[in-house]
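Treat the numbers as computed from the prediction; the structure is a model and nothing was measured.
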Amino acid sequence: MAPRDPRGPLVASEVLIELERFEEALASAEDAIALGPDLPDGYRQRAAALVALGRSAEAEADLRRALEIAPERVDSLEDLARLLVAGRRTGEARDVLERLLALEPEHEAAAEMLSGLPD
């Protein structure tokens, strides 16, 4: 990969998250965003690191940015829904899950999350 290719820092961030080295994962995700600010994956990776660090509000902003760039990314919608459910924001979570299921009706995790939300 070329030195200016965001894929390297993205992969590094994923590996670092798996190793529970969240600060380093955050730095790698930020490198990926600097190299590819119009790519949703850097924002998703940074959000994952931020969630692990207990910084949910920042993670939510990154997931929303990822969805601004790529509104039909099911993985970003699922991540946002999980964050909203964890924050007990069920109305917003319901909206996101319904949007996700409209794009991918057979998405089992989304259907399960939606069915588990209180009415």
**Student:** Any link between L114 and L103 through a network of hydrophobic side chains (Ile, Leu, Val, Met, Phe, Trp, Tyr) touching at under 4.5 Å?
**Tutor:**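 As far as the 4.5 Å side-chain criterion goes, L103 and L114 are not connected within one cluster.
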
**Student:** In Å, rounded to the nearest 0.5 Å, how long is the span from CG of D38 to CD1 of I33?
**Tutor:**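 One gets 11.5 Å once the value is rounded to the nearest 0.5 Å.
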
**Student:** Ignoring hydrogens, what is the shortest heavy-atom contact between Y43 and I69? Give both atom names and the distance.
**Tutor:**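 The pair with the smallest heavy-atom distance is CE1-CD1, 3.6 Å.
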
**Student:** Which heavy-atom pair separates L35 from P9 by the least distance, and what is that distance?
**Tutor:**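 Looking at all heavy atoms of both residues, the closest pair is CD1-CG, 3.9 Å.
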
**Student:** Check the pair E104 / E78 against side-chain contact (heavy atoms from CB on, under 4.5 Å), numbers first and verdict last.
**Tutor:** CA-CA 11 Å; E104 192 174 305; E78 182 179 355; over 6 Å; no

**Student:** Treating Ile, Leu, Val, Met, Phe, Trp and Tyr as nodes and any side-chain heavy-atom pair under 4.5 angstrom as an edge, say whether L101 and V74 lie in one connected cluster.
**Tutor:**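 Different hydrophobic clusters.
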
**Student:** Only one of L50, L84, D79, V51 passes side-chain contact (heavy atoms from CB on, under 4.5 Å) with L63; say which it is.
**Tutor:**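 Answer to the side-chain contact (heavy atoms from CB on, under 4.5 Å) test with L63 among L50, L84, D79, V51: D79.
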
**Student:** Minimum heavy-atom separation for L100 and H107, please, with both atom names.
**Tutor:**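 Shortest heavy-atom contact: CD2-CG, 3.5 Å.
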
**Student:** To the nearest 0.5 Å, what is the distance between CZ (R46) and CZ (R65)?
**Tutor:**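 Rounded to the nearest 0.5 Å, the CZ-CZ separation comes out at 10.0 Å.
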
**Student:** To the nearest 0.5 Å, what is the distance between CE on M113 and CZ on R82?
**Tutor:**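 The CE atom of M113 sits 4.0 Å away from the CZ atom of R82.
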
**Student:** Please lay out, stage by stage, how L26 and R21 fare under the test side-chain contact (heavy atoms from CB on, under 4.5 Å).
**Tutor:** CA-CA 9 Å; L26 179 61; R21 293 167 49 185; over 6 Å; no

**Student:** Are the charged groups of D41 and R73 less than 4.0 angstrom apart, N to O?
**Tutor:**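 Answer for the salt bridge query: yes.
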
**Student:** Assess whether a salt bridge exists between D62 and R44, defined as any Lys/Arg side-chain N lying under 4.0 Å from an Asp/Glu carboxylate O.
**Tutor:**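 Result for this pair is no, no salt bridge flagged.
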
**Student:** Looking at R64 and E92, does any basic side-chain N land under 4.0 Å from a carboxylate oxygen?
**Tutor:**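 Looking at E92 together with R64, the answer is yes, because their closest N to O distance falls below 4.0 Å.
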
**Student:** Check the hydrophobic clustering (I, L, V, M, F, W, Y; side-chain heavy atoms under 4.5 Å; chains of links allowed) and say if V85 and L83 are grouped together.
**Tutor:**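 No, V85 and L83 fall in different hydrophobic clusters.
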
**Student:** Would you compute the distance between atom CD of Q45 and atom CG of L16 and round it to the nearest 0.5 angstrom?
**Tutor:**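 Rounded to the nearest 0.5 Å, the CD-CG separation comes to 10.0 Å.
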
**Student:** Would one find more than 12 heavy atoms of other residues, nucleotides or ligands at under 6.0 Å from atom CD of E72?
**Tutor:**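 Not buried by this count: 12 neighbours or fewer within 6.0 Å.
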
**Student:** Can you see which heavy atom on P71 is nearest to which on L77, and at what distance?
**Tutor:**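 Where P71 meets L77 most closely, the heavy atoms are O-CD1, 4.2 Å.
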
**Student:** Between atom CG of L97 and atom CG of L117, what is the distance when rounded to the nearest 0.5 Å?
**Tutor:**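 If I round to the nearest 0.5 Å, the distance is 6.0 Å.
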
**Student:** Has R7 got a side-chain atom pairing as donor or acceptor with A32's backbone, closer than 3.5 angstrom?
**Tutor:**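 Flag not set: sc R7 to bb A32 has no pair under 3.5 Å.
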
**Student:** Does the side-chain contact (heavy atoms from CB on, under 4.5 Å) test come out yes or no for E14 and E18, once each step is laid out?
**Tutor:** CA-CA 6 Å; E14 287 181 45; E18 288 295 319; 5.9 Å; no

**Student:** What closest approach, in Å, do A70 and P40 show between heavy atoms, and which atom pair accounts for it?
**Tutor:**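 Closest approach of A70 to P40: CB-CG, 4.0 Å.
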
**Student:** Are the side chain of S13 and the backbone N or O of A25 linked by a donor-acceptor pair below 3.5 Å?
**Tutor:**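 Flag set: sc S13 to bb A25 pair under 3.5 Å.
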
**Student:** Taking all atoms of both residues into account, what is the closest heavy-atom pair of I17 and A48, and its distance?
**Tutor:**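 Smallest heavy-atom distance, with atoms named: CD1-CB, 3.7 Å.
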
